[in-house]
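First up is the structure itself, then whatever we jot down about it.
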Amino acid sequence: MNPPNPNPLPAFRTMDLTKTYGSGTAQVRALQGVDIEVPAGELNVLLGPSGSGKSTLLNILGGLDRATEGTAFFEDQNLTEMTDRELTQYRRRNVGFVFQFYNLMPSLTALENVELVTEIADDPMEAHEALRLVGLAERVTHFPSQMSGGEQQRVAIARAVAKRPRVLFCDEPTGALDSTTGRAVLKVLQDVNQELGATVFIVTHAAATAAMADRVIHFADGRIRDVVINRTKVSAEEVEW
Amino acid sequence: MVNILDTKLGRDLWRIKGQSLAIGAVIAVGVLMLVMMQGLVVTLQETKAAYYERYRLADVFATAVRAPDRTLDRLAQIPGVAAVEGRIIGSALISLPGIDLPIQAQAVSLADTGPPVLNDIYLTDGRRPDPTHKDEIVLLQGFAQAHDLRPGGMISATMNGARRSFRIVGLAQSPEFLYNTPPGELMPDASRFAVIWMSRAALAAAFDQKGAFNQALLSLTRDARISEVLNEVDRVLDPFGGLGAYGLEDQLSNRLVSQEISQLRVTSSVVPPIFLGVAAFLLYIVISRMVQAEREEIGLMMAFGYSAHEVGLHYLKFTLAIAVGGAIVGCLGGVLSGRALASYYQNYFKFPFIAFQIDPGTFVTGVLVSILAASAGGALVLRRVFLLTPAVAMRPPAPPDFSKSIKFGPRMKAFLDQPSRMVLRNLMRNPGRVAGGIIGISAGMGLSVASLTVLDAFNIAIDQAFGVIDRSDALVSFETPVSDRTVYELQSVTGVIEVEPFRSVPAILRHGLRSYRGSIEGLIEEPRLNRAVAKDMSTIRLRDDGLILGVGLAETLQISVGETLTVNIREGRRPVLQLPVVGIAETLMGSPAYLELGALNRALREPGRISGAYLRIDSASSSDVYREIKDMPAVAGVSLKADARRSLKRIMDEGAGAQRFIMLMVTAVITFGIVYNSARIAFAERARDLASLRVIGLTRGEVGFILLAELGIVTFAAIPLGAGLGYYLSNLMSAGFSTDLYRIPASFSPSSYGVAALAIIGAAGVSGWLVKMDIDRLDLVSVLKTRE
């Protein structure tokens, strides 16, 4: 047994993390004992076929779902023992999310969608600045219905990063986008990782995205098949589509 | 052959069975109300008619002092008269052991030769009296039950001054006495009014009517003109002291029963439409939401090559299955609950039988309204979906467009955080739905304000009538007018504090084409016990040169102060007077016309006569007072204010009271239905948004606020509107419930508004709480994974 490395703490550490849905014959084992340690500040890409467990891991680490067995730590906080209220606070303070379908509030403008987060965060960046970061300084007063998919996804990223999150979880962030827009979105995620130092997780089907990662985690059948440290990472613009 | 779309239909219905059931239930309750209430109105009307017909209730009643039997032939010859019956009626006082006051009764003769031609009785127990046994009587069943009297028992009664014992041989009901009001009172009380049927010979002996009758009953042919018959009957009976013939519509029991039925009709024409309207609204929003959720499947079907027509038909079947299912359940439930209520009414009206029946048109209306409401909701959404290409329809809908929504400047931002802005923009984006919700809730509140106000008004009416307008404790009435010296006799009774004489004579009041059969009340110039009062409850001084009319009577006759009324007095020498109306009195009970006592007696040329007196009694010695008074000669009866008040209160609570209770229940259901369904739908539509907010890190409370603030704003906006509507409805209902026997004052009772508002807030609170539980249970992952 290796003694735990006291400094710096890994961003995440899981032990025998298991998640099952349903019961009896209908039981689905989405995660079957995952052990992983993810250092802070890295850009991680999670690859694997549908149903291999990557989104489930993301959801548990993001405080959206609970594990059936095992433990998961964020720094020194045990996520698996948190109450609902504590999970809410965890998400509120530390976590940013980006989803495939953007999940913006249709009744708020781009700026207001970002302010939704800056109003409740402890040390947020200015909402305008967050939108500038994603290249949408000009469109702050537009409603989601007035924007393209890529623009909506960039607002979602601005919303996720505006709180200066310690971790950014992205579930298929480019899944609904064309290649040009997709690359632009990946670039923003890379910038956030480098400029804010946030640990970033990107779940994707697009294997080429792995080229921009520090660490590529391959999933199969609810387990981690292997973890590849990428020593030749490229800029998002160079990612092949 | 079942095609594949129908299979999908069946599976879809099963998949959303909870929701289908909820919608079906709303429709079912709306249709149930319609079927039940309209069915009851028809049933009561038909039952009444059948009862009247089976027991041959007369169309015309004519009372005289004493008319020889041969007069009947002349009555029979009047054109339009089908049958004639002469009978003897008289008043009686029944003494029962253990009861201080003698009970007033009406003695009615039964033909000695088989069942009477008209006004037969329905024997519930025992047999008819044997003409050869003069002490045999049949007693009104309600009275007998109230005092536990049975065939074989004996009672003692005073008739025409002579006290005798009678043997009860049977119990009966009669269409003539559905509503048993003690004489001089307005409200039925089974325990304080009796009808004694006995053989004609026995009654003729008791009332000196051998070879004569004092009441003629006539039935008419279909084409008879009743007003001409009445005039003819009056002409024939005039020499024999005719008091004026009147038709069935003026017969007290019939009038009260008819009024109850028409009050039920008022309720049945107000409540079910509001309820069905609300059900239609709920149906519309729920179904449109359901079709909206099917958007992608619709796109898919169109992509496969199904025509808009086929897809439309599929969803029409879908909504029809729910609507028709609900309507059928509603019809069945309406029949069942109508039957249950009918037996309650059977007991209440003392019908010997009742057969619940429904106008088939009611079913058609109920089913059609349900179908229309359900299809309208689906059709509007389908139309929008058909405008899209299949490819666009299959994609998740674009975010709803808020670009025309209000922009908040920096100053507003200081006041409104993001959640508040979402609330406001959402409200403004769905003005139709918000307006629907507000209107629905305010309709619910309006109904409840009106029901409560009218309930209050009933109580105010009773308090005013018995506590303010009439301040006496008891009313003594005499069989025939007596000398006003009797006042001194009454005053000398120990325990009597104050005596106020009155004279009451039957009269027909005419103004132009309008007439009213009532009486003229002669009161002393400045009465202190039973008064005519102005709006502010101050006593109106009586005049000897003109009449003071109750406000309801003035309305009935459409007469105002200064105009002249023709008064056809039906007693004594029966003068016809032309009297000006000199004042209008606020009245809640009856429809009185007041004249100064002396003037009335002068007009009758019977000076110093009184028909009775109002008494104020020392409550400590009331039993002694009653004992002494009941032995005085010529006393027809003593009625106690407290008894009359109690029976009035009971009637109000039972009859109209039951209806008001139903209205309150309906209100609660409506309010809860609207608030809860609106909240549920808002939740279903925005579950994704709310889940996203939770993911971002908003707490349950913060997310709950966004959804529930909308609900709160709609609810609070509905309250002032509901109050206004309630004010309007309560005036309408007061007028609808008022009759010429009692008036429900249009009043404003702040507490009704408070209670109704609290009920609304309570219903909204419970709905909000239920939806908040849903928010708390929101499965963040699964909501985010599904597209819409």
Side-chain angles (χ1 to χ4, degrees), chain A residues 19 21 30 55-56 58-60 62-66 84-85 87-109 111-122 127 141-147 149 152 156 159-160 162-163 165 169 171-172 176, chain B residues 395-410 412-414 416-430 685-703 706-707 710 775-788:
Chain A
K19 176 75 185 177
Y21 294 104
S55 290
T56 307
L58 203 76
N59 288 334
I60 294 174
L64 294 180
D65 206 351
R66 289 173 177 284
D84 272 2
R85 191 177 295 272
L87 282 177
T88 301
Q89 288 307 314
Y90 161 68
R91 293 197 302 268
R92 191 168 181 147
R93 294 220 175 90
N94 304 305
V95 182
F97 284 100
V98 177
F99 296 100
Q100 183 177 5
F101 299 112
Y102 331 131
N103 294 60
L104 297 179
M105 296 300 120
S107 57
L108 296 178
T109 62
L111 182 67
E112 287 166 344
N113 260 291
V114 177
E115 285 174 338
L116 194 58
V117 168
T118 58
E119 272 176 7
I120 61 168
D122 294 334
T141 61
H142 286 71
F143 284 91
S145 59
Q146 296 169 299
M147 290 187 279
Q152 289 185 54
R159 185 178 66 179
K163 70 166 80 157
F169 292 103
D171 197 348
E172 300 281 3
Chain B
R395 250 182 268 141
D401 185 4
F402 281 88
S403 60
K404 292 184 187 66
S405 186
I406 36 168
K407 301 279 194 306
F408 295 100
M412 286 298 283
K413 287 194 175 181
L416 295 171
D417 57 5
Q418 309 303 339
S420 310
R421 280 181 234 178
M422 289 172 67
V423 169
L424 284 183
R425 289 205 179 115
N426 265 313
L427 284 172
M428 288 178 211
R429 189 162 182 281
N430 292 315
E685 282 182 346
R686 302 195 18 230
R688 246 170 85 78
D689 288 358
L690 300 176
S692 303
L693 292 170
R694 292 274 291 123
V695 167
I696 289 172
L698 268 71
T699 61
R700 286 176 179 162
E702 286 163 336
V703 171
I706 291 173
L707 193 64
E710 264 182 70
I775 294 177
D776 291 350
R777 278 197 300 264
L778 204 57
D779 180 347
L780 300 187
V781 176
S782 67
V783 171
L784 290 175
K785 284 280 170 185
T786 52
R787 289 203 296 189
E788 167 47 341

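In the text below, chain A, chain B and the rest are named by the order of the sequence lines, each starting its count at 1.
Here A/Arg66 pairs with A/Asp84 in a salt bridge; the nearest charged N to carboxylate O distance falls below 4.0 Å.
Between B/Arg694 and A/Thr88, the side chains place a donor N or O and an acceptor N or O closer than 3.5 Å (distance only, hydrogens not considered).
Neither the backbone nor the side chain of A/Arg85 comes within contact range of chain B; no heavy atom of the residue lies under 4.5 Å from a heavy atom of that chain. A/Leu104 touches chain B through its backbone: at least one of N, CA, C or O sits under 4.5 Å from a heavy atom, while the side chain does not. Only the side chain of A/Gln89 comes within less than 4.5 Å of a heavy atom in chain B; its backbone stays farther off.
With hydrogens and angles disregarded, no donor-acceptor distance shorter than 3.5 Å links the side chain of B/Asp689 to the backbone of A/Met105.
For the side chain to side chain contact (heavy atoms under 4.5 Å, CB included) criterion with B/Leu693, the lone passing option out of B/Arg686, B/Glu702, B/Met422 is B/Met422.
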